[in-house]
Amino acid sequence: MKQNLKYIIPAIILLLGIFGVFSHRFDLTKEKRYTLSDATVETLKSVKEPLTVEVYLEGDFPASFKQLQNETQFLLEEFRKINPKIDYKFIDPIATKMSQDTLQAMGMQPSMLPDMKDGKVSQIVLFPYAALKYKGYGTSISLITNQMGIDATEQLTKSIENLEFNFASTIKSLVADQKKNVGVLVNQDELRVDEFRSFMDMTLENYNAGPVIPVNKKELTLEDLPNLERMDALVIAKPRKAFTDGEKVILDQYIMNGGKTLWMIDAVNAEMDTLMTKKKLMAYPIDINMTDFFFNYGVRINAPLIKDFQKSALIRLQVGEVAGNPQYSNLIWPYFPLGINENNNSITKNINPVKFEFPTAIDTLGRKNIKTQVLYESSERTTAKSVPNYVELSEMANLDSLSVMEKPTTPKIFAVSLEGKFTSAYANRSEKNGFPNFKNEVSGNNKMIVISDGDVGRNQMMKGQNLPLGADLLTDQLYGNEQFLRNCLDWLLDDSNLIELRNRNIESRLLDRRRIDEEKTNWQWFNLLTPLAILGLLGGVFFWLRKKKFGQ
């Protein structure tokens, strides 16, 4: 009996594992695609009440969506293993006859896919979303990454790459006891409320957001410090009134005390509304008295306008007239360069191109203990136009020729992120003497993002209603401005580094379709006959052993 125990015990353990009494997975993939990050695990452990995830990805749909369904189910199963309070279920909204109006009210837009059966073409309606419900609150997330210029296979890969980040970041926002505060400075002739409404709506989804208005209605003073100290991040969007030296010290000390900042700065005054009306405008530099302030962090915003002839957005113009009817066309406008992700930065990855309007160039000078990363820059086909100078719509007729005071240049930077141990710009200046409890440097690391375009956060309007940020009404394009600025805030305020999950790359190991077609029959016979051959071989071995043992 004792001799048999060494066979019985492993057999029992094997049976228990087969029936799911206990299990363990070993992630042998190169990119560790089935291993949750430490930040995700900590987020899941913070869930104290039941959290339900309803995935509307069930039903009869193409194999690509089946793969997305399987990956989503696997991820949620891993979530439930970390925290049993997290539960999930898959729902077919079409089979259960859920109202599409209800789904769309939850922010879910249907996807229409063609389907051919028995020679007939029909449409499959899908809602590739998940709804998360916690403590009576709910939100929805898209399981599909919407990005222009990629095929269906790449879109699926990017969607799978983003699954963990999308779920983890949404769960973190839902279970947070207290949302972080984002302040928007209102004092320097910034963007109007209606022009900035879409940004505010987007920010309010995950954070508390509101204006920061000086107490004296004129400029920031020491009286504004208590309000500033409540803000985890401060947004400065297109200031056109110069900052006073006193305001700069206030902002400097806000940063030294750990405040994060997102700057959207116009160095040149050039407005498209004026150009469309008059066909010509005079672009001139704007001095907001912040050159020395940014120089302290190794950043300099230059005045020349940047034109990109390779990566540019479109504008819609009248190009002719037929029988009294104006004819319109979408034309490339080099003063509106596109920011395209080319360095796999977590802030810019997997989003649509970002539209910049009349941006200027950022120089990075480098500072000790500060890590500078380029977020967006122009292409090799870039020119710089000195200002003051005229900008005319007629320049589109000669895109390959240089206009007045314009010269070819190397790619120019439009947006940078700064991270590290910041030091005060006033540490060795007399201005610090009038500031109580002045700090020469931050106690830990701090973050900052600088963008050389004030309109990157401006939304268009239609009939008094604000359009989604990044939506261009005339050209019917949806740019990635909203997701870019959302990622900027997430990066600035993400203490758990969940944003780094966006850098995860999953390699698509696709089968060779040509070999599949050529060798399909061979492999079908192989799969059919191999199990039979193995069974026959094992049967022969057991018969031989039995005959050898009992034949004597």
Side-chain angles (χ1 to χ4, degrees), residues 20 23 25 27 29 31-37 39-41 43-45 47 50-96 98 103-104 106-113 124-134 138-147 150 152-175 349-351 483 498-510:
S23 63
R25 288 190 177 100
D27 188 354
T29 58
E31 62 271 19
K32 297 298 179 183
R33 65 187 293 179
Y34 299 116
T35 301
L36 299 179
S37 70
T40 298
V41 172
T43 298
L44 298 177
K45 289 180 178 178
V47 178
L51 185 150
T52 303
V53 182
E54 295 179 350
V55 184
Y56 300 100
L57 201 60
E58 185 65 63
D60 183 19
F61 39 71
S64 59
F65 281 86
K66 283 288 186 184
Q67 183 181 353
L68 180 61
Q69 179 195 52
N70 293 337
E71 295 285 350
T72 304
Q73 184 173 1
F74 175 85
L75 180 69
L76 295 175
E77 184 63 32
E78 292 297 301
F79 282 9
R80 187 160 60 182
K81 288 181 179 180
I82 298 296
N83 191 336
K85 289 186 173 64
I86 300 174
D87 197 11
Y88 69 91
K89 57 183 176 181
F90 282 75
I91 299 174
D92 184 348
I94 306 302
T96 55
M98 294 185 66
L103 293 170
Q104 291 183 22
M106 296 168 63
M108 304 181 189
Q109 299 299 322
S111 297
M112 308 293 184
L113 298 177
I124 299 175
V125 181
L126 294 177
F127 286 86
Y129 289 83
L132 286 75
K133 300 178 181 178
Y134 184 76
T139 186
S140 63
I141 59 175
S142 175
L143 303 178
I144 298 294
T145 296
N146 294 316
Q147 186 175 352
I150 61 176
T153 301
E154 188 177 358
Q155 184 182 43
L156 175 65
T157 300
K158 292 182 179 297
S159 299
I160 294 173
E161 287 176 347
N162 276 345
L163 277 179
E164 183 179 342
F165 169 75
N166 288 337
F167 275 105
S169 59
T170 304
I171 291 174
K172 181 181 177 182
S173 176
L174 270 179
V175 304
K349 187 177 180 181
N350 293 343
I351 63 176
Q483 188 61 55
L498 275 175
I499 191 71
E500 294 303 323
L501 287 174
R502 293 179 60 83
N503 275 334
R504 172 171 287 185
N505 290 308
I506 295 178
E507 183 178 349
S508 298
R509 298 173 175 86
L510 302 178

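Values reported hereafter were calculated over all heavy atoms of this structure, with side chains retained and with hydrogens, waters and symmetry mates removed.
Between Pro50 and Tyr134, the shortest heavy-atom contact is O-CD1, 3.6 Å. Closest heavy-atom contact between Leu57 and Gln69: O-NE2, 2.8 Å.
Applying the side chain to side chain contact (heavy atoms under 4.5 Å, CB included) criterion to Ser140, with sequence neighbours excluded, gives Met108. By the side chain to side chain contact (heavy atoms under 4.5 Å, CB included) test, Thr72 is found to be paired with Val55, Leu68, Leu76, Phe90, Leu143, Leu163, Phe167, residues two or more places apart in sequence or in another chain being considered. Residues satisfying the side-chain hydrogen bond (donor to acceptor under 3.5 Å, both in side chains) test with Ser169, not counting sequence neighbours, are none. Scored by the side-chain hydrogen bond (donor to acceptor under 3.5 Å, both in side chains) test, Tyr88 finds Glu77 as partners (sequence neighbours excluded). Under the side-chain hydrogen bond (donor to acceptor under 3.5 Å, both in side chains) criterion, Thr170 pairs with no residue, sequence neighbours left out. A search for salt bridge (Lys or Arg N to Asp or Glu O under 4.0 Å) contacts involving Asp87 returns Arg80, not counting sequence neighbours. Checked against salt bridge (Lys or Arg N to Asp or Glu O under 4.0 Å), Lys45 has no partners two or more places apart in sequence or in another chain. Shown here are the side chain to side chain contact (heavy atoms under 4.5 Å, CB included) partners of Asn70, two or more places apart in sequence or in another chain: there are none.
Contact of the Leu44 side chain with the Glu78 side chain is not registered, since no non-hydrogen atoms from C-beta on lie closer than 4.5 Å. For the pair Val53/Phe79, no side-chain contact is recorded, criterion being any heavy-atom separation below 4.5 Å from C-beta on. When side chains are defined from C-beta on, Leu174 does not count as touching Val47, because their heavy atoms never get closer than 4.5 Å.
We find the CG-CG distance between Leu75 and Leu36 to be 6.5 Å, quoted to the nearest 0.5 Å. With rounding to the nearest 0.5 Å, the separation of CG in Leu132 from CD1 in Ile86 is 9.0 Å. Atom NZ of Lys133 and atom OG1 of Thr139 lie 12.0 Å apart (nearest 0.5 Å). Rounding to the nearest 0.5 Å gives a distance of 10.0 Å between CD of Gln73 and NZ of Lys66.
No donor-acceptor pair under 3.5 Å is formed between the side chain of Asn162 and the backbone N or O of Asn350.
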